[in-house]
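Written below as structure tokens is the structure these notes are about.
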Amino acid sequence: MDSLSENSFTLPQPPPVVTTEQLLPPSRIKVFGVIHLVLAAYGVFVSGFGLLSALFMDQFMKKFPFMAQAQGSDVEKYAELMKQTQPYSIMQAVFGIILAIMLLLAGLSLLKERDKGRSQSNLYAWTSIVFKVINLIVSILVIIPLTKAMTMSNLPTSGPDEFNAMLDLSLTIMPLISILFTFLYPIVVLIMLNARPVRTYLAGR
């Protein structure tokens, strides 16, 4: 009797709760997938051109008579700067190509709504940050001093001190700002693609 009474007053269990975020994919997944692919294509083009320039610019300049005869000119100084910074230019181009490939793979996975795309995006983001830190250090220690030395040597010694100081400051600040700006995208990727709605939706996919 007690058993029958207990069963009679057992309330039916509610169906499992399925939240909206488990049913609908967060739009940022596809958005970042598309952005990844666009930046990958851009990175391959820019880094590929940079690599070719670093490897063959000296030969290219020698093939043109007006460049080969420009002794003591800005062209000759620019060629010398390119030669001195060639290893670092090649390094930056290789970094760019590696990151572009990583973005391409991550973007394709995100468009397919695979959790692997989020993992690949995280790997890209951290790799990108490491590469950018290396690039920042190289720029501070090598690229910026060489560029400043070449540029300042072309200025007349009798020029205004204020102008020379402003130019020196801009040659230091602008490259650093440009590099620091490139940190934004990998940081945004880490924040947006590791948010709970994205992790919940992609879990197990």
Side-chain angles (χ1 to χ4, degrees), residues 32 34-62 64 66-67 70-104 106-107 121 124-192:
F32 274 96
V34 173
I35 296 176
H36 278 13
L37 296 183
V38 172
L39 291 180
Y42 176 78
V44 168
F45 175 78
V46 173
S47 300
F49 180 79
L51 183 60
L52 292 176
S53 298
L55 292 174
F56 303 110
M57 180 59 73
D58 185 58
Q59 300 177 18
F60 173 78
M61 295 177 73
K62 290 179 180 179
F64 291 86
F66 73 91
M67 289 186 175
Q71 299 297 323
S73 66
D74 291 342
V75 174
E76 186 180 32
K77 291 183 178 181
Y78 177 73
E80 180 63 23
L81 177 64
M82 290 282 292
K83 184 177 180 180
Q84 293 179 6
T85 59
Q86 184 184 45
Y88 310 104
S89 298
I90 294 174
M91 178 194 72
Q92 292 173 353
V94 171
F95 283 176
I97 292 174
I98 292 173
L99 293 176
I101 294 173
M102 296 177 73
L103 271 176
L104 175 63
S121 295
Y124 151 77
W126 287 115
T127 305
S128 178
I129 290 173
V130 171
F131 284 174
K132 287 168 174 48
V133 169
I134 295 173
N135 187 26
L136 183 63
I137 294 173
V138 168
S139 296
I140 292 174
L141 297 181
V142 180
I143 306 297
I144 292 177
L146 287 175
T147 304
K148 287 169 62 175
M150 185 196 75
T151 304
M152 303 303 288
S153 67
N154 291 336
L155 298 178
T157 55
S158 59
D161 292 338
E162 295 81 2
F163 174 78
N164 292 344
M166 288 297 296
L167 179 59
D168 183 83
L169 183 63
S170 66
L171 290 173
T172 302
I173 297 299
M174 294 307 296
L176 295 181
I177 292 177
S178 300
I179 295 173
L180 292 175
F181 182 77
T182 62
F183 280 83
L184 289 179
Y185 187 68
I187 292 175
V188 170
V189 167
L190 288 174
I191 294 173
M192 298 297 289

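Just so it is clear, the structure is predicted and the values come from calculations on it, not from any experiment. Here, residue 1 is the first one in the sequence, and each next residue gets the next number.
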- Tell me, with the steps shown, if Y185 and H36 meet side-chain contact (heavy atoms from CB on, under 4.5 Å). CA-CA 10 Å; Y185 187 68; H36 278 13; 2.6 Å; yes
Can you tell me how far apart [atom1] ([X]) and [atom2] ([Y]) are? Round to the nearest 0.5 Å.
| X | Y | atom1 | atom2 | value |
| --- | --- | --- | --- | --- |
| M166 | L171 | CE | CG | 11.0 Å |
| I129 | I134 | CD1 | CD1 | 12.5 Å |
| I90 | L55 | CD1 | CG | 4.5 Å |
| Y88 | L141 | OH | CG | 9.0 Å |
| I98 | F95 | CD1 | CZ | 7.0 Å |
| I187 | M192 | CD1 | CE | 14.0 Å |

- Message: Here's a test for you: under side-chain contact (heavy atoms from CB on, under 4.5 Å), which of I143, L136, V133 qualifies with I179?
- Response: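 Testing each of I143, L136, V133 against I179, the sole residue satisfying side-chain contact (heavy atoms from CB on, under 4.5 Å) is L136.
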Specify the closest pair of heavy atoms between [X] and [Y], including all atoms of both residues, with the distance to one decimal.
| X | Y | value |
| --- | --- | --- |
| Q84 | L146 | OE1-CD2, 3.0 Å |
| G43 | A100 | C-CB, 4.1 Å |
| A125 | P186 | CB-O, 3.5 Å |

- Item | Of all pairs that satisfy side chain to side chain donor-acceptor pair (under 3.5 Å), the ones with a partner from residues 134-148, not counting sequence neighbours |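 Every side chain to side chain donor-acceptor pair (under 3.5 Å) pair that includes a residue of residues 134-148, provided the two are not neighbours, is Q92-N135, K148-D168, K148-T172.
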Does any part of the side chain of [Y], heavy atoms only, come nearer than 4.5 Å to the side chain of [X], both counted from C-beta?
| X | Y | value |
| --- | --- | --- |
| L176 | I144 | yes |
| W126 | L190 | yes |
| I97 | V44 | no |

- Classify the angle between the aromatic ring planes of F45 and F49 as parallel (below 30°), tilted (30 to 60°) or perpendicular (above 60°). parallel
- Message: Assess the residue pair L104 and L37 against the criterion (side-chain contact (heavy atoms from CB on, under 4.5 Å)); give the C-alpha distance rounded to whole Å, side-chain angles, the decisive distance to 0.1 Å, and a yes or no.
- Response: CA-CA 5 Å; L104 175 63; L37 296 183; 3.6 Å; yes
- Query: For atom CZ of F183, is the number of surrounding heavy atoms from other residues, nucleotides or ligands below 6.0 Å larger than 12?
  - Reply: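 Yes.
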